[in-house]
Amino acid sequence: MRVCLACYGNRIATLLDTATSLHLYHEQPDGPMRDTPEQMFPGQGHGPEIHVLPSTVRDLGMLGFARTLVQLDVYWLLCGGLACPDRDILIYVGLRVEPWIGGRADEVAQAWFSGRVLSYKMPGLGRRNYAAGRGWRRTTKGVRKMQMKRIAVSSEGPLLGDMVDPRFGRAAGFVVVEQVGNASSYIDNGASQVMAQGAGIQAAQNLANAGVDVVISGFVGPKAFQALSAAGIQIIQNVEGVTVGQAVERFKRGELTVADAPNSQAHGGTGRGSGQGRGQGARR
């Protein structure tokens with residue numbers, strides 16, 4: 001029996017759709033918890049068996065992906081964001097699924113086998129309670145109110161005085177500001193800028209890995225919007241012509257509205273959707 005982590009590189013893919021490899025660990029059903037590599041991977045050395053997919057899960061299709069898991073003798077799937085219909089397909093073929101997990105694959109595996117995987121749940125999403133040897137029980141509330149702490153603003157530079165970059169996926173970088181204390185850091189987005197496709201998804205994954213709760217930008221495409229939402233990150237759009245510091249202050253004063261749909265078409269278009277997220281502070 002196997003536990004499978006759906007990964008992008010050495011981390012859990014923010015969206016299951018974007019996973020490109022499977023990290024497989026052996027587990028005895030109803031066995032005791034294990035907390036050392038030798039116990040976690042009996043007969044398999046000190047690391048997982050890695051199965052590289054021929055394409056992303058999205059390209060394989062959920063039925064094709066489910067068949068792959070069954071062929072690999074997977075019983076538990078740990079993954080990032082997952083749509084309910086896709087989860088139903090996985091459950092239908094006999095898999096047990098634990099979605100909304102984020103973090104480095106080796107750390108998540110260690111936490112799983114030692115009963116601490118709750119600490120790797122994505123921010124703002126429902127939690128589950130683990131009973132040793134008895135599996136997972138659903139909590140009564142699927143989603144809890146998120147306490148916003150870290151704000152990422154797409155920026156033309158690394159300082160609070162730099163201008164907001166209206167492009168999300170191809171912004172120069174992101175200034176990350178702590179809501180309390182105003183301490184800031186910078187995430188360079190240069191690698192995403194040069195990508196032919198998937199820049200928005202990659203930027204979203206970088207922000208999720210940094211523990212960001214809120215994103216402020218100008219235009220966010222549909223794939224990036226989906227990736228951010230799946231990671232539990234709230235999105236504020238249509239913020240232009242102001243500095244990063246001004247955008248953060250407007251957010252703190254409640255002048256910016258969280259969006260419920262992307263305002264930009266795919267491939268860098270500027271078509272606006274219904275969820276523009278334009279608050280008082282975003283009007284010019």
*Asks:* Could you pull out the closest heavy-atom pair between C79 and L16, with the gap in Å?
*Replies:* CB-CD1, 3.9 Å

*Asks:* Identify the heavy atoms of V93 and A66 that sit nearest to each other, and give their distance.
*Replies:*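 Reported closest heavy-atom pair: CG2-CB, 4.0 Å.
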
*Asks:* How many angstroms lie between atom CD1 of I89 and atom CZ of R67, to the nearest 0.5 angstrom?
*Replies:* 10.5 Å

*Asks:* With the side chain counted from C-beta on, respond yes when V176 and I151 share a heavy-atom pair under 4.5 Å apart, and no when they do not.
*Replies:* no

*Asks:* Nearest 0.5 angstrom please: Q226 CD to I201 CD1, how far?
*Replies:*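 Between atom CD of Q226 and atom CD1 of I201 there are 7.5 Å.
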
*Asks:* I'd like to check L159 versus V175 (side-chain heavy atoms, cut-off strictly below 4.5 Å). Are they in contact?
*Replies:* no

*Asks:* Can N10 and D106 be said to form a side chain to side chain contact (heavy atoms under 4.5 Å, CB included), step by step?
*Replies:* CA-CA 8 Å; N10 66 346; D106 57 343; over 6 Å; no

*Asks:* Could you give me the CA-CA distance, side-chain angles and deciding distance for V214 and I233, then say whether side chain to side chain contact (heavy atoms under 4.5 Å, CB included) is met?
*Replies:* CA-CA 5 Å; V214 181; I233 299 174; 5.6 Å; no

*Asks:* Looking only at atom types and distance, does a side-chain atom of R167 sit under 3.5 Å from a main-chain N or O of R170, one as donor and one as acceptor?
*Replies:* yes

*Asks:* Is a side-chain donor-acceptor pair under 3.5 Å present for Q202 with N206?
*Replies:* yes

*Asks:* Any idea which heavy atoms bring A230 and T14 closest together, and the distance?
*Replies:*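 Of all heavy-atom pairs spanning A230 and T14, the closest is CB-O, 4.4 Å.
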
*Asks:* Taking the side chain from D162 and the backbone from E156, do they hold a donor-acceptor pair closer than 3.5 Å?
*Replies:* no

*Asks:* Could you check whether N209 and R11, counting side-chain N and O atoms only, form a donor-acceptor pair closer than 3.5 Å?
*Replies:* yes

*Asks:* Just jot down the side-chain hydrogen bond (donor to acceptor under 3.5 Å, both in side chains) partners of T68, sequence neighbours excluded, or say none.
*Replies:*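 By the side-chain hydrogen bond (donor to acceptor under 3.5 Å, both in side chains) rule, T68 matches no residue at all.
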
*Asks:* Please name the pair of heavy atoms, one in D165 and one in A172, separated by the smallest distance, quoted to 0.1 Å.
*Replies:*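 In terms of heavy atoms, the two residues are closest at OD2-N, 3.3 Å.
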
*Asks:* Can you name the residues that form a side-chain hydrogen bond (donor to acceptor under 3.5 Å, both in side chains) with T18, not counting sequence neighbours?
*Replies:*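 Per chain and number, T18 pairs via side-chain hydrogen bond (donor to acceptor under 3.5 Å, both in side chains) with no residue.
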
*Asks:* A side-chain contact here means heavy atoms from C-beta on lying under 4.5 Å apart; do L15 and V57 qualify?
*Replies:*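 The answer is no, as the side chains (C-beta and beyond) never meet within the 4.5 Å cut-off.
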
*Asks:* Find the distance between CD1 (I50) and SG (C7) and round it off to the nearest 0.5 Å.
*Replies:*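 If I round to the nearest 0.5 Å, the distance is 8.0 Å.
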
*Asks:* Applying a strict under-4.5 Å side-chain criterion to I, L, V, M, F, W and Y, I'd like to know whether M163 and L256 cluster together.
*Replies:*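 Looking at the clustering, L256 is in a separate group from M163.
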
*Asks:* When hydrophobic residues are tied together by side-chain contacts of less than 4.5 Å, even through go-betweens, does Y8 share a cluster with V108?
*Replies:* no

*Asks:* Does the ring center of F225 lie less than 6.0 Å from the ring center of F219?
*Replies:*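 Ring centres of F219 and F225 not closer than 6.0 Å.
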
*Asks:* Give a yes or no on whether L82 and Y92 share a hydrophobic cluster (residues Ile, Leu, Val, Met, Phe, Trp, Tyr; joining criterion: side-chain heavy atoms under 4.5 Å apart).
*Replies:*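 Same cluster: L82 reaches Y92 through Ile, Leu, Val, Met, Phe, Trp or Tyr contacts under 4.5 Å.
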
*Asks:* If you round to the nearest 0.5 Å, how far is OG of S229 from CD1 of I235?
*Replies:*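 The OG atom of S229 is 3.5 Å from CD1 of I235, to the nearest 0.5 Å.
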
*Asks:* What residues, two or more places apart in sequence or in another chain, satisfy ring-ring contact (aromatic ring centres under 6.0 Å, His included) together with F65?
*Replies:* none

*Asks:* Can you check whether A210's main-chain N or O pairs, donor with acceptor, with R150's side chain at less than 3.5 Å?
*Replies:*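 Yes: the side chain of R150 pairs with the backbone of A210.
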
*Asks:* Any ion pair linking E98 and K121 (charged N to carboxylate O, less than 4.0 Å)?
*Replies:*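 Looking at K121 and E98, the cut-off is met.
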
*Asks:* For L72, does its backbone N or O pair with a side-chain atom of R2 as donor and acceptor, under 3.5 Å?
*Replies:*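 Yes: the side chain of R2 pairs with the backbone of L72.
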
*Asks:* Between T56 (side chain) and D59 (backbone), is there a donor-acceptor pair under 3.5 Å?
*Replies:*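 Yes; judged by distance alone, with no hydrogens or angles, the pair exists.
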
*Asks:* Do V164 and I216 have side chains that approach each other closer than 4.5 Å (heavy atoms only, starting at C-beta)?
*Replies:* no

*Asks:* Within a strict 4.5 Å, meaning less than it, do heavy atoms of the L22 and L53 side chains meet?
*Replies:*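 A side-chain contact under 4.5 Å exists here.
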
*Asks:* When you measure from the side chain of S217 to the backbone of Q237, do you find a donor-acceptor pair of N or O atoms at a distance under 3.5 Å?
*Replies:* no

*Asks:* Can you tell if the side chain of I236 reaches within under 4.5 Å of the side chain of F251, non-hydrogen atoms only?
*Replies:*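 In short, these two side chains touch, coming nearer than 4.5 Å.
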
*Asks:* Could you tell me which non-hydrogen atom of S155 sits nearest to which non-hydrogen atom of V244, and how far apart they are?
*Replies:* OG-CG2, 3.5 Å

*Asks:* When you compare the side chain of Q110 with that of E107, does any pair of heavy atoms fall below 4.5 Å?
*Replies:* no

*Asks:* Roughly how far, to the nearest 0.5 Å, is CG of D73 from NE2 of H26?
*Replies:* 8.5 Å

*Asks:* Should D17 and M62 be marked as a side chain to side chain contact (heavy atoms under 4.5 Å, CB included) after you check the CA-CA gap, both sets of side-chain angles, and the distance that decides it?
*Replies:* CA-CA 9 Å; D17 275 354; M62 197 51 58; 4.3 Å; yes

*Asks:* What distance do E240 atom CD and S154 atom OG have between them, rounded to the nearest 0.5 Å?
*Replies:*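 These two atoms lie 9.5 Å from each other.
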
*Asks:* How close do T243 and G161 get, heavy atom to heavy atom, and via which atoms?
*Replies:* CG2-O, 3.6 Å

*Asks:* Taking the side chain as C-beta and beyond, is there a heavy-atom pair between F168 and F174 under 4.5 Å?
*Replies:* yes

*Asks:* Stepwise, does the side chain to side chain contact (heavy atoms under 4.5 Å, CB included) test hold for Y25 with L5?
*Replies:* CA-CA 8 Å; Y25 301 86; L5 280 60; 3.8 Å; yes

*Asks:* Would you tell me whether N263 and N238 have side-chain atoms, one donor and one acceptor, within less than 3.5 Å of each other?
*Replies:*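 Yes, because at least one side-chain N or O of N263 sits under 3.5 Å from a partner of the opposite role on N238.
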
